[in-house]
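Everything below concerns the one structure shown next.
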Amino acid sequence: MSFPLLTATAALPALGAIATAAVPAQRRNAAKLLALIVSLATLVLALIVLVRFDPGGDRYQLTESHAWIADFGVRYELGVDGIAVALIALTALLIPFIILAGWHDADPLETGNKRWRPTQGFFALILAVEAMVIISFEATDVFLFYIFFEAMLIPMYFLIGGFGDRAHEHGEETAATQRSYAAVKFLLYNLAGGLIMLAAVIGLYVVAGNFSLPEIAEARANGTLEMATNTERWLFLGFFFAFAVKAPLWPLHTWLPNAMQESTAPVAVLITAVVDKVGTFAMLRFCLGLFPEASKWATPAILVLALISIIYGALLAVGQRDIKRLVAYASISHFGFIILGIFAMTSQGQSGATLYMVNHGISTAALMLVAGFLISRRGSRLIADYGGVQKVAPVLAGTFLIGGLATLSLPGLAPFVSEFLVLVGTFARYPVVGIIATVGIVLAALYVLVLYQRTMTGPVKAEVEGMPDLRARELVVVAPLIVLLIFLGVYPKPLTDIVNPAVEHTMSDVQKKDPQPEVEAAK
């Protein structure tokens, strides 16, 4: 029996979470160090998965399959394609930076009500989320996926509600109330989506007789499994609704700005750069893989919702006064581009969407973590409380600018390649939709450059005169992300080579071919 590499990649952070939580209360630094070591070891395993994956091989590789709940056809079944491998690598890469960036975010905090912040719990919860996200990317059994898709809500709820941002202008009591509101809203929205999905999962079992994604897809392809049109559409809607909440797609997005605003910067990165990617990934793997005809049927409506997300998110980002809420609405706009690429039903669009998931994770992590360092120094999230930072902290301002330029998809930085492919793929099949989506690019330039101008340029405000520049730990967090943004912006081939074969399989699932350009014959 070969070594269960996929199981190990998910089990290591899960066991690390238990071990971190068990560290004695007075050994806070030991708990932090243990969590960091576990996250780095998980990154090593993820890189081994990446190296062992053969883009030209079988669709699902490194597979594991064991009986679990035999009476109901539930199996412990894992396997990865190129899209899953890329997102597992992204998750494992970001977690060490999230832990380093949040090194002091859960240190004991004494306020008027003597509230205690359990350091061990904070880092244990982060590792628990990592484990659940990774196994969600690996699961090829629908029921197994559903369990971890829902289970990750529990640690995220406590991270949002129990470890909020210390920079709050209305005092600790108000801050605690708002954190609780944001955490409950996050939980209720996602639980509602999950319950609807559960009904669809049960319906899928009634129709197919098992939960194995490869088996169901094969049965549909060879004609041994047929779904009535209305049945397939209802099942598709049940799955899609849950993924659209997680993604987040307008109008199911409203939990995200609250959650990101009230979270610490590392937890905000965990939400939008890691957890939310499960929603868009699942659209590719489950919606298109299980319900190809219903996916094509729903495409026009989903493209409209994606367009609204792009424009709406960007417009609201322009008007924000809070730095974190601005990044949250920018992310809503970016997720609109990802969903647009998925449902454009072209290979360029879906390759661009997958690259966008990875590149958005890196660029958002860079921007939000630097913003978190800035906020921790000034003690305020409000844009108006800053000014002239580049004169007193030039390295901080420079990294903030690069993260912002990546967010607006500047050519030469990684997100540009993704956005370009999404727009090219969309325009090839839906030219009007592609043209309208470009408005989001213009608005992105506006909200990013205005944010930088108001916080970093102009006269130095008295409150930021003594602001220190980035420290060594903070540079270790930011520098690799900046390097990756530049490298993947100049040379995205290593990523596209992994992703493109998986996209071809998805296009085959929905029986779509790229539209051919119309070229007039030479006279």
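Bear in mind the structure is a predicted one, so any value in this text is a computation, not a measurement.
In terms of heavy atoms, S409 sits closest to Y356 at OG-OH, 4.2 Å. Heavy-atom minimum distance, T354 versus L284: OG1-CD1, 3.8 Å. Heavy-atom minimum distance, G82 versus V499: O-CG2, 4.4 Å. Minimum interatomic distance between A365 and V269 (heavy atoms only, all atoms of both residues): CB-CG1, 3.7 Å. Across all their heavy atoms, G349 and V422 have their closest contact at O-CG2, 4.0 Å. When all heavy atoms of E77 and P214 are compared, the closest pair comes out as OE1-CD, 3.8 Å.
Atom-to-atom distance recorded for L488:CG and I362:CD1 is 5.5 Å, nearest 0.5 angstrom. To the nearest 0.5 Å, atoms CD (E215) and CZ (R75) are separated by 7.5 Å. Distance check, rounded to the nearest 0.5 Å: CD1 of I126 to OG1 of T20 gives 10.0 Å. The distance from atom CZ of R285 to atom CD1 of I83, rounded to the nearest 0.5 Å, is 8.0 Å. Note that CG of L6 and CD1 of I88 are 6.5 Å apart. Values are rounded to the nearest 0.5 Å. The line from CE of M260 to CD1 of I271 is 6.5 Å long, rounded to the nearest 0.5 Å.
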- Query: Could you walk me through whether F337 and L423 pass the side-chain contact (heavy atoms from CB on, under 4.5 Å) check?
  - Reply: CA-CA 8 Å; F337 276 109; L423 290 173; 4.0 Å; yes
- Task: Give the C-alpha distance, both sets of side-chain angles, the deciding distance and a yes or no for side-chain contact (heavy atoms from CB on, under 4.5 Å) between H253 and S309.
- Result: CA-CA 9 Å; H253 67 285; S309 287; over 6 Å; no
- Under the side-chain hydrogen bond (donor to acceptor under 3.5 Å, both in side chains) criterion, do D141 and S212 qualify, and how do the steps go? CA-CA 5 Å; D141 183 277; S212 173; over 6 Å; no
- Task: Starting from the C-alpha separation in whole Å, work towards a yes-or-no answer on side-chain contact (heavy atoms from CB on, under 4.5 Å) for I339 and L303.
- Result: CA-CA 8 Å; I339 295 169; L303 292 179; over 6 Å; no
- Query: Stepwise, does the side-chain hydrogen bond (donor to acceptor under 3.5 Å, both in side chains) test hold for S331 with T272?
  - Reply: CA-CA 7 Å; S331 291; T272 191; 3.3 Å; yes
- Working for side-chain contact (heavy atoms from CB on, under 4.5 Å), residues F145 and V278: CA-CA 10 Å; F145 168 84; V278 178; 4.0 Å; yes
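Annotation: side chain of I154 is not in contact with side chain of L187 (no heavy-atom distance under 4.5 Å). The shortest distance between side-chain heavy atoms of F291 and L235 falls below 4.5 Å. Within the 4.5 Å cutoff, side-chain heavy atoms of L340 are placed close to those of V433. Side-chain atoms of Y60 and L78, non-hydrogen and from C-beta on, never get closer than 4.5 Å to each other. Inter-residue side-chain proximity for E293 and T229 is flagged as unmet; no heavy-atom pair is nearer than 4.5 Å. Annotation: side chain of V245 is in contact with side chain of W255 (closest heavy-atom distance under 4.5 Å). Side-chain contact check for M197 versus E150: every heavy-atom pair is 4.5 Å or farther apart. Side chains of F335 and K277 form a contact here, defined as non-hydrogen atoms less than 4.5 Å apart.
Judged by the 6.0 Å and 45° rule, K246 forms a cation-pi pair with F149.
Taking a 6.0 Å sphere around CZ of F143, one finds it holds 12 or fewer heavy atoms contributed by other residues, nucleotides or ligands. Crowding of R52 atom CZ: a count of heavy atoms from other residues, nucleotides or ligands under 6.0 Å not exceeding 12. Taking a 6.0 Å sphere around CZ of F420, one finds it holds 12 or fewer heavy atoms contributed by other residues, nucleotides or ligands. Around atom OH of Y205, more than 12 heavy atoms belonging to other residues, nucleotides or ligands sit under 6.0 Å away. Counting heavy atoms of neighbouring residues, nucleotides and ligands inside a 6.0 Å radius, atom CZ of F427 does not exceed 12 of them. Dense packing is recorded around CH2 of W68, with more than 12 heavy atoms of other residues, nucleotides or ligands lying under 6.0 Å away.
When atom types are taken as modelled, the side chain of Y146 and the backbone of G194 share a donor-acceptor pair closer than 3.5 angstrom. At least one donor-acceptor pair closer than 3.5 Å links the side chain of Q350 to the backbone N or O of I342. Checking side-chain atoms of T42 against main-chain N and O of T9 turns up no donor-acceptor pair under 3.5 Å. Under a 3.5 Å cut-off, the side chain of D81 and the backbone N or O of R59 do not form any donor-acceptor pair. Q61 places a side-chain N or O within 3.5 Å of a backbone atom of D54 that can act as its donor or acceptor partner. A donor-acceptor contact shorter than 3.5 Å is absent between the side chain of H334 and the backbone of M357. For the pair S333 (side chain) and I310 (backbone), a donor-acceptor distance under 3.5 Å is present. In terms of modelled atom types and a separation under 3.5 Å, the side chain of S363 and the main chain of H360 share a donor-acceptor contact.
For the 3.5 Å distance criterion, the side chains of T7 and Y76 qualify, holding a donor opposite an acceptor.
Between F487 and Y491, the ring-plane angle classifies as perpendicular under the 30° and 60° cut-offs. Under the 30°/60° scheme for interplanar angles, the aromatic rings of F286 and F243 are found to be tilted. Note: F240 and F236 have parallel aromatic rings, judged against thresholds of 30 and 60 degrees for the angle between ring planes.
For F186 and Y157, the distance between ring centers is not under 6.0 angstrom.
Scanning for ring pair (Phe, Tyr, Trp, His ring centres under 6.0 Å) contacts around F122 gives F163, with sequence neighbours left out.
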